[in-house]
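Here the structure is a predicted model, which is why all the values come from computation and not from measurement.
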Amino acid sequence: MIFFRSLCAGVAFNSRQYKSLLTVNNGEQFGNWTWPEMCPENFFAVGFSVRVNKVESNQYGADDTALNGIRLICAKDGSRSFLYTVESHTGYFGDWTQPQYCPSGVLTSFQLRVEPHQGLFGDDTAVNNIKFRCSSNPTLEANGMYWGEYGHWSQECTGGICGIETKMEEYQYGLDDSTLNDVRFHCCAMPQTTQVRGSHRGAVGGRTFT
């Protein structure tokens, strides 16, 4: 069991620099991209949980929305004694699942399970589930829903995932809600290892190096 303290970072660290955005090509069409939320400097995502509207059998008789949100759990230097969470905009339906963590390392890529648009009179659920790959190699799959298919994996982040931005359809007031339609993650470089002072200057073949 992991014991930790955590704080919601919100938009407090949105000025953090990142090197790329991780995206997939099977997100759905409804809604708009919302605000990003970033882990604090030198913190990286080591785990996640999802907000999911669980339905036991089928899509008929109710407005189902499947995945409503994704929450990243950020840690520093491999220590999980103090954590931050970031989630961008989330939907209004369902409950948060228990967090899942990389055994070691950080989250580096993702894959989305998406149900395509169901037509004028269908029940759209859009994003149903998500998988993450850890730098230590394990793959973690959320406890989401099962409609639709998984698409291709995103690019691999050579550092670690450090932020999130969601594409969200706002509440439709009695019409068909699809909530989370797409997501993209920020990829940050790992901090440079601090050099040991002294013993960095010497000579090889008569040339001085540092």
Side-chain angles (χ1 to χ4, degrees), residues 4-14 16 18 21-24 26-40 43-55 59 62-75 83-101 106-107 109-115 117-118 123-132 140-148 150-151 154 161-188:
F4 57 82
R5 295 182 300 154
S6 65
L7 289 175
C8 178
V11 297
F13 303 100
N14 278 9
R16 180 177 180 178
Y18 61 94
L21 281 174
L22 304 182
T23 62
V24 292
N26 64 324
E28 260 302 324
Q29 61 187 291
F30 302 108
N32 297 294
W33 288 104
T34 62
W35 60 88
E37 293 189 7
M38 304 292 290
C39 303
F43 279 70
F44 293 86
V46 298
F48 71 98
S49 63
V50 297
R51 187 175 192 176
V52 58
N53 178 215
K54 280 285 188 182
V55 178
Q59 286 182 266
D63 182 9
D64 303 315
T65 56
L67 234 60
N68 275 244
I70 301 165
R71 177 181 290 158
L72 297 180
I73 303 169
C74 312
L83 305 172
Y84 281 88
T85 62
V86 292
E87 58 194 51
S88 187
H89 189 18
T90 63
Y92 308 102
F93 307 102
D95 300 304
W96 289 100
T97 62
Q98 286 296 312
Q100 298 182 56
Y101 296 90
V106 298
L107 303 179
S109 61
F110 76 103
Q111 186 184 32
L112 284 185
R113 184 170 196 159
V114 179
E115 181 184 48
H117 178 41
Q118 297 297 289
D123 182 6
D124 290 305
T125 60
V127 177
N128 269 247
N129 212 353
I130 189 168
K131 293 180 183 178
F132 286 99
L140 306 176
E141 184 175 20
N143 185 21
M145 294 302 292
Y146 45 79
W147 297 305
Y150 276 105
S154 72
I161 288 175
C162 59
I164 179 174
E165 188 176 354
T166 56
K167 184 180 182 182
M168 187 69 61
E169 182 183 46
E170 290 292 349
Y171 182 57
Q172 296 297 293
Y173 297 96
L175 301 176
D176 181 35
D177 289 289
S178 63
T179 63
L180 183 63
N181 273 248
D182 203 351
V183 63
R184 53 196 180 199
F185 295 96
H186 298 75
C187 169
C188 292

Heavy-atom closest pair, residues [X] and [Y]:
X    : Y    : value
A9   : V86  : CB-CG1, 3.7 Å
Q29  : N181 : N-OD1, 3.6 Å
S88  : I164 : CB-O, 3.8 Å
M145 : R113 : O-CD, 4.0 Å
K167 : F30  : CE-O, 3.7 Å
C187 : Y18  : O-CB, 3.5 Å

Flag the pair [X] / [Y] as yes when at least one side-chain heavy-atom distance between them is below 4.5 Å, and no otherwise.
X    : Y    : result
L180 : N68  : no
V183 : V127 : no
L67  : V52  : yes

Checklist line | With sequence neighbours excluded, residues passing ring-ring contact (aromatic ring centres under 6.0 Å, His included) with W35 | finding: H89
Next item on the list: Report the residues that fulfil ring-ring contact (aromatic ring centres under 6.0 Å, His included) with F132, sequence neighbours left out, ordered by chain and then residue number.
Entry: F48, F185
Next item on the list: May I have all residue pairs that pass salt bridge (charged side-chain N to carboxylate O under 4.0 Å, His left out) and include part of residues 29-40, sequence neighbours excluded?
Entry: none
Checklist line | Where at least one partner belongs to residues 88-98, residue pairs that pass salt bridge (charged side-chain N to carboxylate O under 4.0 Å, His left out), sequence neighbours excluded | finding: none
Next item on the list: Starting at CG of D182, measure out to OG1 of T166 and round the result to the nearest 0.5 Å.
Entry: 9.5 Å
Check: At what distance, to the nearest 0.5 angstrom, does CE of M38 lie from CG of L72?
Finding: 10.0 Å
Margin query: I'd like to check the salt bridge (Lys or Arg N to Asp or Glu O under 4.0 Å) partners of E165; sequence neighbours left out, ordered by chain and number.
Written below: R184
Note to self: Please enumerate all residues that pass salt bridge (Lys or Arg N to Asp or Glu O under 4.0 Å) together with R16, with sequence neighbours excluded.
What the structure shows: none
Next item on the list: Inspect cysteines C74 and C39 and report if their side-chain SG atoms are under 2.5 angstrom from one another.
Entry: yes
Check: Are the gamma sulfurs of C162 and C188 separated by less than 2.5 Å?
Finding: yes
Tell me every residue that passes side chain to side chain contact (heavy atoms under 4.5 Å, CB included) with [X], counting only those two or more places apart in sequence or in another chain.
X    : value
N143 : K54, T97
S109 : R133, W153, S154, E156
E141 : N129, K131, Y150
N26  : V24, L112, V114

Next item on the list: Could you walk me through whether F13 and F43 pass the ring pair (Phe, Tyr, Trp, His ring centres under 6.0 Å) test, one step at a time?
Entry: CA-CA 11 Å; F13 303 100; F43 279 70; 8.0 Å; no
Check: How would you list, by chain and number, every residue that makes a side-chain hydrogen bond (donor to acceptor under 3.5 Å, both in side chains) with R51, sequence neighbours excluded?
Finding: none
Next item on the list: Would you check if the side chain of N14 reaches a backbone N or O of P36 as a donor-acceptor pair within less than 3.5 Å?
Entry: yes
Notebook entry, point to check: Should I70 and F110 be marked as a side-chain contact (heavy atoms from CB on, under 4.5 Å) after you check the CA-CA gap, both sets of side-chain angles, and the distance that decides it?
Noted result: CA-CA 12 Å; I70 301 165; F110 76 103; over 6 Å; no
Next item on the list: Would you mind telling me which of L140, V50, I73 makes a side-chain contact (heavy atoms from CB on, under 4.5 Å) with Q100?
Entry: L140
